[in-house]
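Quick caveat: nothing in here was measured; it's all calculated off a predicted structure. Atom set for the values below is all heavy atoms of this structure, side chains included, hydrogens, waters and symmetry mates excluded.
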There are 2 protein chains.
Amino acid sequence: MSQTFRHPEILEIARREGKVTVEGLAQHFGVTLQTIRRDLTDMAEAGRLERVHGGAVLPSSTTNIGYEERRALNPSAKAAIARACAAQIPNDISLFLNIGTSTEAVAQELLLHENLMVVTNNMNVANILVANPSCEVVVTGGHLRRSDGGLIGNLATDTIRQFKFDLAVIGCSALDRDGDLLDFDIQEVGVSRAILQQSRRTFLVADHSKFKRSAPARIASLSDIDAFFTDAPLPAALSQSCAIWKTAVSVSE
Amino acid sequence: MSQTFRHPEILEIARREGKVTVEGLAQHFGVTLQTIRRDLTDMAEAGRLERVHGGAVLPSSTTNIGYEERRALNPSAKAAIARACAAQIPNDISLFLNIGTSTEAVAQELLLHENLMVVTNNMNVANILVANPSCEVVVTGGHLRRSDGGLIGNLATDTIRQFKFDLAVIGCSALDRDGDLLDFDIQEVGVSRAILQQSRRTFLVADHSKFKRSAPARIASLSDIDAFFTDAPLPAALSQSCAIWKTAVSVSE
DNA sequence: AAAAAAATGTTCGTTTCTGTTCGGTTTCGC
DNA sequence: GCGAAACCGAACAGAAACGAACATTTTTTT
């Protein structure tokens, strides 16, 4: 409840001018710089503005800043995984790609494939594959998640149930030592499950950073996956399990 | 706070021009070349730009579909229509936007609206409205049409049937002298019909070029529309019809 | 009216940004 | 290929902006 009468007006000015300066606002309201700084920090914490040196700007249109950073994380490793995966994807099939930076990298590698029918719940994947003229792109419906361009919810699941895919390429948020695929978002898990159900074969793409993380929701087990593409050797125990499960493991680079 | 005032504006310029130069930016902002170089390296590290010798370009993955053509055709008229239309759209409603450059222009004008729930079968609209944090975006499923980023087919119609909208803003390919809304694509007509059925009110946006064209499939009549936003006076006969139909007509600049 | 809470002003040490210079690298015209 | 010009990043110093802590004023509560 730390609102002052200045906050709404600062917002209005920011909308009009595109930016506000500490100095300018201090003069405008007849208060000290420090007071304005406090205002701006409060408003930035509330997400109404984005703080910059000397003032503030409207929240960046690219809300998915965390996402951009993730995409930029280790692009070469991601690309290597994606290349290995794309090499195993034949032409002339129907294919699902779900949410995740890794699956986007796969989409990038599929630009030269032919006669694919790709269904996706990832806006970025659709945007990428639009550049492949011999590829039919179908987008599932769903609520658009700003953080990563994913389409989630019942609409997505319902759409997926209407298809049967030759192959699904999925990502996950984390992968634990027992070989369980985990995700942060319960809704997304429903979507992933539906995908696995509707697919004849399944590939998992995940870089080694996923080994270290954990997440609350369980999607499936590596035993349900036909091939796993990653960039670092698996722990010995898990590697053995994969052999038993007949899950092919491809370590790139 | 790892940003400066310049970053958002640089991004904006890059989006508009396709590229930015160190020299040009330095002049534009009145700072030294080195400062701009630092900006560009920062932004490149964050994945928002791609550095090239002498400047920077947009990252290749950020290819918004149809972005080029959108601004090509008489943008000022479209923007005027869109502004007039957006002014009639209240906050806090559910809203459908369909395919067409005109509806995309409306989306652009809705960036400052609040608490909208927007459903769309237009990828470009979704890409635009992602920038409005107080707007929930739902995408219908469908086959992606490359020419305009539209999502069409049964999937789209089915999704739409699951909603009831306070307002629908639609475009059309052509508008004949009898006041009939026409489209080139039969599938798209099915979608448009479904939209009209599920909406309490309906706005049509179409610039005057649509008057001269014709198209084979009939969507509906202007008599089914609550308000029509355009940029040139209607033929006298049609104007009279609209008065009888109680279809409001707004002619912008 | 007194006490408490909140907001604002003031000061000061620290961080961040910017311009300058310099040596190395890339690009471009020949 | 070769050399000049443009461009690049690193390093440094001065300036601007920052946040924390404390004092002061205003508002609210009791």
Side-chain angles (χ1 to χ4, degrees), chain A residues 1-77 79, chain B residues 1-62:
Chain A
M1 174 55 95
S2 53
Q3 265 209 359
T4 121
F5 65 97
R6 276 177 255 108
H7 287 201
E9 193 168 346
I10 291 177
L11 207 57
E12 191 185 321
I13 296 176
R15 291 228 167 101
R16 197 169 52 235
E17 317 270 332
K19 66 176 184 184
V20 289
T21 65
V22 174
E23 187 97 31
L25 289 174
Q27 216 157 349
H28 183 286
F29 289 112
V31 294
T32 53
L33 302 174
Q34 186 57 37
T35 303
I36 296 297
R37 287 203 192 101
R38 278 188 274 246
D39 286 340
L40 295 185
T41 342
D42 290 351
M43 295 173 74
E45 262 167 26
R48 318 292 303 254
L49 283 181
E50 209 164 285
R51 196 71 215 281
V52 300
H53 216 85
V57 295
L58 292 174
S60 136
S61 50
T62 50
T63 328
N64 41 18
I65 185 162
Y67 184 70
E68 301 281 359
E69 275 167 13
R70 246 188 309 147
R71 193 200 317 244
L73 209 45
N74 42 357
S76 62
Chain B
M1 176 182 30
S2 53
Q3 265 198 3
T4 114
F5 284 126
R6 284 173 250 108
H7 287 199
E9 195 168 345
I10 290 177
L11 208 56
E12 191 186 320
I13 296 175
R15 281 207 234 274
R16 197 169 52 234
E17 318 267 330
K19 63 167 188 183
V20 289
T21 65
V22 174
E23 185 94 32
L25 289 175
Q27 215 156 348
H28 182 289
F29 290 111
V31 294
T32 53
L33 302 174
Q34 186 56 35
T35 303
I36 295 297
R37 288 204 191 98
R38 277 189 276 246
D39 287 341
L40 296 185
T41 10
D42 289 351
M43 295 173 74
E45 260 167 29
R48 315 232 250 169
L49 283 181
E50 217 160 273
R51 197 70 216 279
V52 298
H53 210 84
V57 296
L58 291 173
S60 47
S61 59
T62 340

Evaluate the side-chain contact (heavy atoms from CB on, under 4.5 Å) criterion for residues A:Val57 and B:His7: first the C-alpha distance (whole Å), next the side-chain angles of each, then the deciding distance (0.1 Å), finally the verdict. CA-CA 10 Å; A:Val57 295; B:His7 287 199; over 6 Å; no
D:dC8, OP1 or OP2 - any side-chain N/O from B:Arg51 closer than 4.0 Å?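 So the side-chain polar atoms of B:Arg51 do come within 4.0 Å of the phosphate oxygens OP1 or OP2 of D:dC8, strictly under.
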Nearest-angstrom distance from the residue atom [atom1] of [X] to [atom2] of [N]:
X       : N      : atom1 : atom2 : result
B:Arg38 : D:dA11 : CZ    : C1'   : 10 Å
B:Ile36 : C:dT20 : CD1   : C1'   : 16 Å
A:Arg6  : C:dA6  : CZ    : P     : 16 Å
B:Phe5  : C:dT16 : CZ    : P     : 17 Å
B:Glu23 : C:dT27 : CD    : C1'   : 15 Å
A:Glu45 : D:dC18 : CD    : C1'   : 15 Å
A:Arg37 : C:dT15 : CZ    : P     : 16 Å
B:His53 : C:dT25 : NE2   : P     : 13 Å

Just compare C:dA7, D:dG19, D:dC18 and give me whichever is closest to any side-chain atom of A:Gln34.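 Nearest listed nucleotide: D:dG19.
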As a test of understanding, state which of B:Thr35, B:Ile36, B:Leu33 forms a side chain to side chain contact (heavy atoms under 4.5 Å, CB included) with B:Leu25. B:Ile36
Strand-adjacent residues in residues 24-33 of chain B, judged by heavy atoms under 4.0 Å from DNA chain C: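 The answer is B:Val31, B:Thr32.
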Side chains of residues 8-22 of chain A: which donor-acceptor pairs under 3.5 Å do they make with residues two or more places apart or in other chains?
unit_1: A:Thr21; atom_1: OG1; unit_2: A:Gly24; atom_2: N; d: 2.8

What's the shortest heavy-atom distance between B:Leu49 and B:Ala56, and which atoms? CD1-CB, 4.0 Å
Do A:Arg51 and A:Arg37 pass the side-chain contact (heavy atoms from CB on, under 4.5 Å) test, and can you show the C-alpha distance, the side-chain angles, and the key distance before you say yes or no? CA-CA 9 Å; A:Arg51 196 71 215 281; A:Arg37 287 203 192 101; 4.2 Å; yes
Roughly how far apart are B:Arg38 CZ and B:Thr32 OG1, rounded to 0.5 Å?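 Between atom CZ of B:Arg38 and atom OG1 of B:Thr32 there are 6.5 Å.
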